[in-house]
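Just so it is clear, the values below take in all heavy atoms, side chains as well, and ignore hydrogens, waters and symmetry mates. Please read these numbers as outputs of a predicted model, since none were measured by experiment. To find a chain, count down the sequence lines: A is the first, B the second, and so on, and within it residues start at 1.
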Amino acid sequence: MPEGPSIVLLKEALQSFVDKKIVNADGSSKKIEYGRLPGAKIREIKTWGKHLLICLPDVTIRIHLLMFGSYSIDTPKQNRIAKLSLFFARGRSVHFYACSVKLITEPLSRVYDWTADIMSKKWDSGKAVKKMNARSSELVCDILLDQDIFAGSGNIIKNETLFRSKIHPKSVVGKIPPLRKKLLVRELIGYSKMFLKWRRANTLKRHWLAYSKKICPRDHHPLAKEYMGKSRRRTFFCETCQKLYG
DNA sequence: CTAAATGTTAAGCC
DNA sequence: GGGCTTAACATTTA
């Protein structure tokens with residue numbers, strides 16, 4: 001479920017609840033005051049990176065599905081305790097499981113920079129390149145997972161983007177030539193759009209070129225698989241056709 | 001059956 | 001305090 005494009009699909013799935021009044025709310029999260037939700041009408045549903053934002057008149061519910069989170073609409077899952085359940089008129093309901101739930105009371109504009117959200121209309125590639133340049137000594141495999149620069153990018157997007165732009169994951173950001181860096185950002189946004197399209201058609205896996213693959217589709221060399229970077233995340237790459245800068 | 005995985009946060013340690 | 005490592009969370013899939 002979790003990367004940015006999947007959260008956009010979640011937002012779409014919840015559109016029928018916009019303008020609907022929450023009649024009851026409960027769940028197993030100890031951290032939120034369920035009492036302040038009933039009576040509020042959902043004004044809007046937004047996303048920022050991997051965050052789902054359910055906007056109410058004076059508070060926003062922030063859901064992060066983490067690695068294994070899931071949701072269900074109208075029918076709660078059997079034998080499972082939801083972290084958050086929202087109930088509406090006519091027996092309608094939404095349930096979120098195995099996720100992080102928070103209430104945000106500050107204005108969203110103070111919490112979120114929409115120009116850093118890879119799925120946003122306000123996405124700004126120029127700013128992303130500037131932020132990358134400010135972190136020139138880091139590895140590109142780490143930078144592509146950084147939510148302050150590429151909010152919504154996850155391990156699949158990282159792997160596919162590096163393969164498509166022919167950049168070795170251990171390349172040092174500052175050693176990547178400017179044009180190639182721009183190409184990298186363009187590929188990341190382009191692949192994220194395709195991710196959304198393919199996930200919607202339920203064909204995401206079919207289109208993986210490197211992620212979880214064993215053979216390079218370009219030159220048929222075996223792909224390397226290594227746990228690398230600050231977060232030791234699974235990384236698939238072709239030693240032959242992905243160039244190492246640095 | 002066991003292990004690993006699309007992710008983040010908090011605690012603990014130097 | 002900073003920076004790093006580890007654990008915790010919880011569920012599905014290989």
Side-chain angles (χ1 to χ4, degrees), chain A residues 1-13 27-32 47-53 61-73 75-85 95-104 111-113 116-119 134-135 137-139 141-164 169 187-189 191-215 223-237:
Chain A
M1 179 53 25
E3 299 191 28
S6 299
I7 307 305
V8 170
L9 288 180
L10 169 54
K11 174 178 88 174
E12 291 178 11
S28 65
S29 174
K30 297 277 181 297
K31 294 189 177 174
I32 64 167
T47 66
W48 181 87
K50 298 165 189 165
H51 300 203
L52 178 79
L53 303 166
I61 308 170
R62 192 214 75 172
I63 310 271
H64 195 305
L65 295 179
L66 304 174
M67 194 90 100
F68 319 116
S70 63
Y71 67 95
S72 65
I73 295 174
T75 319
K77 297 193 182 192
Q78 292 292 312
N79 312 320
R80 213 94 75 68
I81 299 157
K83 270 271 160 59
L84 174 67
S85 291
H95 313 267
F96 298 97
Y97 305 88
C99 56
S100 152
V101 184
K102 272 184 189 166
L103 297 185
I104 300 175
V111 182
Y112 293 112
D113 174 5
D117 173 11
I118 61 169
M119 300 307 289
R135 309 256 303 264
S137 62
E138 294 188 39
L139 299 185
C141 61
D142 285 327
I143 284 289
L144 295 195
L145 291 176
D146 191 299
Q147 302 300 301
D148 293 331
I149 307 181
F150 300 102
S153 173
N155 206 32
I156 296 173
I157 292 176
K158 175 196 85 178
N159 276 286
E160 290 297 300
T161 298
L162 289 171
F163 181 80
R164 283 156 201 265
E187 287 283 358
L188 188 140
I189 298 303
Y191 176 70
S192 300
K193 300 255 189 307
M194 296 312 290
F195 186 127
L196 175 61
K197 191 173 161 183
W198 287 328
R199 169 127 285 180
R200 185 177 271 138
N202 216 356
T203 59
L204 182 69
K205 287 184 192 180
R206 196 181 302 172
H207 296 278
W208 285 340
L209 299 180
Y211 183 78
S212 87
K213 308 298 277 186
K214 295 211 156 37
I215 304 288
L223 288 178
K225 174 180 150 186
E226 203 180 309
Y227 293 81
M228 68 169 71
K230 285 191 266 190
S231 53
R232 317 305 296 175
R233 299 298 298 279
R234 213 164 49 138
T235 309
F236 301 86
F237 57 101

Ignoring the backbone of [X], work out which of [options] is nearest its side chain.
X	options	value
A:A98	B:dG7, B:dA5, C:dA10	C:dA10
A:Y211	B:dA5, C:dT12, B:dG7	B:dA5
A:R234	C:dC9, C:dT12, B:dA5	B:dA5
A:Y227	B:dG7, B:dA4, C:dT12	B:dA4
A:K83	C:dA10, B:dT6, B:dT8	C:dA10
A:P2	B:dT6, C:dA10, B:dT9	B:dT6
A:M67	B:dT8, B:dT6, C:dA10	B:dT6

Now, which nucleotide makes the Watson-Crick or G-U wobble pair with B:dT6, with each of the two distances under 3.5 Å?
-> none
Give none if C:dA10 has no partner; otherwise give the nucleotide forming a Watson-Crick or G-U wobble pair with it, both distances under 3.5 Å.
->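 When the pairing criteria are applied, nothing turns out to pair with C:dA10, so the answer is none.
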What integer number of Å spans the P atoms of C:dA7 and B:dA4?
->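 After rounding to an integer number of Å, I get 14 Å for this pair.
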Expressed as a whole number of Å, how far does the C1' atom of C:dC9 sit from that of B:dC1?
->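 These two C1' atoms come out 22 Å apart once rounded.
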For A:S100 and A:R62, test the side chains for any donor-to-acceptor distance below 3.5 angstrom and give the result as yes or no.
-> yes
Counting only heavy atoms not in A:K197, do more than 12 fall under 6.0 Å of its NZ?
-> no
Mark yes when over 12 heavy atoms from residues, nucleotides or ligands other than A:I73 sit less than 6.0 Å from its CD1; otherwise mark no.
->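 Enclosed: over 12 neighbouring heavy atoms sit under 6.0 Å from CD1 of A:I73.
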Under 4.0 angstrom, heavy atoms only, what part of the nucleic acid is A:K158 near: base, sugar-phosphate, or nothing?
->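 The answer is nothing, as A:K158 stays clear of every strand by at least 4.0 Å.
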Give A:K230 one of three labels, base, sugar-phosphate or nothing, depending on what nucleic acid heavy atoms sit under 4.0 Å from its own.
->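 Answer is nothing: A:K230 stays at 4.0 Å or more from every strand.
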Going by the angle between their ring planes, with limits at 30° and 60°, are A:H207 and A:W198 parallel, tilted or perpendicular?
-> parallel
Residue-phosphate contact under 4.0 Å: A:R80 side-chain N/O, C:dT12 OP1/OP2 =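 Indeed, a polar side-chain atom of A:R80 lies that close.
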